[in-house]
Amino acid sequence: MIRFAQSPTDLSFVQDPYPFYDHLRQAGDLAWWEDYNMPVSARHAVVSGILRDRRFGREEPAALRQPVPEHLAPFYAVEAHSMLELEPPRHTRLRGLVLRAFTSRKIATLEPEIAQLCHQLIDTFPTGPFDLIPHFAQKLPVIIIARLLGVPETMADQLLAWSNAMVTMYQSRRMHEDELNAVAATQEFTQFLSDYIERRRASPTDDLISSLIAAETEGEKLSHDEMISSCILLLNAGHEATVHTLGNGIRTLLNQSLLDFGSPQVLAEEVLRHDPPLHMFTRYALEDIELFDHQFKCGDQIGLLLAAANRDPDVFDEPARFDPARFAAGKSAPVHMSLGAGLHFCVGAPLARLEIATALPILLERCPNLSLVDTPTYANLYHFHGLERLMVSR
């Protein structure tokens, strides 16, 4: 296996990681990323296959787990009940209960509300140059999540602050101060949700928290801790990914002066494929396995490079080219990996797709002269990939 060294916080890599992914892919099915001390794959077939392979999972084998550092205990106490980090049977139970409340049918009814919010946000755009990320890309998903959960919309900025602090735990650049901020945000968010859930138990409404309380499968309900973790996951995972996807997608559309793009749903899929918000997702080997001429021991990790799989030339024609019709009906384009695959396929995928497909056409129609003021730069967020700012003028 060929070994590569590449700091994930290096400025040139942060701005454009795709050349490095090309080198990894050319090295074979697996390559060793020295900075992470583990094998990774940039090939679509491998990434897709391992995401679906039940011999790999998100949950580290219990016998190999190291004690959690004391100062991080509150953060990992929430993670312990997150379905994102669990395997069956707990994952199956939690996902089933959450999906009873977070249904695709319920999400589909949100389209008029999302459209109305897009128009409202555009109405408040400044007259001079402004940063589109805080004015549009951040506000849209966090307000929709707040409304779904049933928490006051005035909480949107606070929810955003908690989310931003917590997700630094997944970023390569994290420092001790980031960890302390993440723990503080976890404790504050947990206390807020704990109080709010109890209020909804006493007085349910038609919001998501009330639906989670009522959800039941074969006599099973979400525990209090599971409900808190599920609400935090829905906010952090759904919001963070959608912000970056909208920002990255708008950057690409403005760079290409693309106003005529056909189907919004088809456009959304190409936006997700071309420059996705999450670039690496890790899996543990749940048993000793030999794959791709490499011996995985139980507990070994592998990095699945979702964004690299989306640019695999063996799968996608001219993968670096943004093609808004790539996923049009009748075309044989394969599935991109941006939303995962297998048991951990993104629960929030219907909402993310709806927000992207609704927001981008409205933005471009309302602001036909929208243009970049300077060259957008990506923030140091890896494993995430999103813009630091997106300065535009109308």
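Residue numbers count from 1 along this sequence.
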Enquirer: Should Arg174 and Glu179 be marked as a salt bridge (charged side-chain N to carboxylate O under 4.0 Å, His left out) after you check the CA-CA gap, both sets of side-chain angles, and the distance that decides it?
Expert: CA-CA 7 Å; Arg174 100 184 195 206; Glu179 295 178 343; 2.9 Å; yes
Enquirer: Is it possible for you to check whether Arg58 lies under 6.0 Å from the centre of the six-membered ring of Phe281, through NZ or CZ, and within 45° of that ring's axis?
Expert: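 Yes, a cation-pi geometry.
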Enquirer: Ignoring hydrogens and geometry beyond distance, is a side-chain donor-acceptor pair present between Thr124 and His135 at under 3.5 Å?
Expert: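 There is no such pair (donor and acceptor under 3.5 Å, judged by atom type) between the side chains of Thr124 and His135.
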Enquirer: Start with the C-alpha gap between Arg200 and Asp207, add the side-chain angles, then the distance that decides, and say whether salt bridge (charged side-chain N to carboxylate O under 4.0 Å, His left out) holds.
Expert: CA-CA 9 Å; Arg200 281 292 174 259; Asp207 58 42; 2.6 Å; yes
Enquirer: Before giving the answer on side chain to side chain donor-acceptor pair (under 3.5 Å), spell out for Asp312 and Tyr21 the whole-Å C-alpha distance, their side-chain angles and the decisive distance to 0.1 Å.
Expert: CA-CA 9 Å; Asp312 188 338; Tyr21 296 158; over 6 Å; no
Enquirer: Are Ser229 and Ser82 close enough that a side-chain donor and a side-chain acceptor fall under 3.5 Å?
Expert: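 No, because no side-chain N or O of Ser229 sits under 3.5 Å from a partner of the opposite role on Ser82.
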Enquirer: Do you know which two heavy atoms are closest between Leu84 and His344, and how far apart they sit?
Expert: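 So the minimum-distance heavy-atom pair works out to O-CE1, 3.5 Å.
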Enquirer: For Glu240 and Ser163, which heavy atoms make the closest approach, and how far apart are they?
Expert: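 Result for this residue pair: OE1-OG, 4.1 Å.
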Enquirer: Do Asn181 and Thr168 pair up side chain to side chain, a donor and an acceptor below 3.5 Å, judged on atom types alone?
Expert: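 Checked: Asn181/Thr168 side chains show no N/O donor-acceptor pair below 3.5 Å.
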Enquirer: Looking at the rings of Phe13 and His279, which for Trp means the six-membered one, are their centres under 6.0 Å apart?
Expert: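 Phe13 vs His279: aromatic centres not under 6.0 Å.
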Enquirer: CZ/Arg273 to NE2/His336 distance, rounded to the nearest 0.5 angstrom?
Expert: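 Answer for the CZ-NE2 pair, Arg273 versus His336, is 9.0 Å.
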Enquirer: Looking only at side-chain N and O atoms, does Tyr36 offer a donor or acceptor that is under 3.5 Å from a partner on Thr282?
Expert: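 The criterion, which ignores hydrogens and geometry beyond distance, is not satisfied for Tyr36 and Thr282.
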Enquirer: Yes or no on salt bridge (charged side-chain N to carboxylate O under 4.0 Å, His left out) for Arg54 and Glu87, after CA distance, side-chain angles and deciding distance?
Expert: CA-CA 9 Å; Arg54 297 304 308 128; Glu87 292 301 307; 2.6 Å; yes
Enquirer: For salt bridge (charged side-chain N to carboxylate O under 4.0 Å, His left out), just list the numbers for Glu59 and Arg90, CA-CA rounded to whole Å, side-chain angles, deciding distance to a tenth of an Å, and then say yes or no.
Expert: CA-CA 11 Å; Glu59 192 171 7; Arg90 286 194 67 197; 5.6 Å; no
Enquirer: Is there side-chain contact between Gln171 and Tyr382, with at least one heavy-atom pair below 4.5 Å?
Expert: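 Not in contact.
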Enquirer: Considering non-hydrogen atoms only, spot the tightest contact between Leu246 and Leu140 and give its length.
Expert: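 So the minimum-distance heavy-atom pair works out to CD1-CD2, 4.1 Å.
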Enquirer: Would you confirm whether Arg173, through its side chain, and Asn380, through its main-chain N or O, come within 3.5 Å as a donor-acceptor pair?
Expert: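 Present.
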Enquirer: For the residue pair Arg199 and Ser203, confirm or rule out a side-chain donor-acceptor distance under 3.5 Å.
Expert: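 The criterion, which ignores hydrogens and geometry beyond distance, is not satisfied for Ser203 and Arg199.
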Enquirer: Considering only NZ, NE, NH1 and NH2 on the basic side and carboxylate oxygens on the acidic side, decide whether Lys139 and Glu153 come within less than 4.0 Å.
Expert: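 No.
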Enquirer: Is the centre of the Phe296 ring less than 6.0 Å from the centre of the His294 ring?
Expert: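 Yes - the distance between ring centres of Phe296 and His294 falls below the 6.0 Å cut-off.
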Enquirer: Quick check on the 6.0 Å ring-centre criterion: do His274 and Phe322 meet it?
Expert: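 That pair passes the under 6.0 Å test.
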Enquirer: So, Glu287 and Arg55, do they make that salt bridge, N to O below 4.0 Å?
Expert: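 Salt bridge flag = no for Arg55 with Glu287.
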Enquirer: Can you confirm whether or not the ring centre of Phe130 sits under 6.0 Å from the ring centre of Phe125?
Expert: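 Distance test on ring centres: under 6.0 Å, yes.
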Enquirer: Do you see a donor-acceptor pair shorter than 3.5 Å between the side chains of His44 and Asp314?
Expert: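 The answer is no; no qualifying pair exists.
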Enquirer: Between Gln26 and Asp22, do the side chains contain an N or O donor and an N or O acceptor separated by less than 3.5 Å?
Expert: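 The answer is no; no qualifying pair exists.
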Enquirer: Identify the two heavy atoms, one from Leu343 and one from Pro88, that lie closest to each other, and give their separation to 0.1 Å.
Expert: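 Looking at all heavy atoms of both residues, the shortest contact is CD1-CG, 3.6 Å.
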Enquirer: Is it the case that the side chains of Tyr378 and Asp16 hold a donor-acceptor pair, with the cut-off being a distance below 3.5 Å and no angle test?
Expert: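 No, no side-chain donor-acceptor contact under 3.5 Å.
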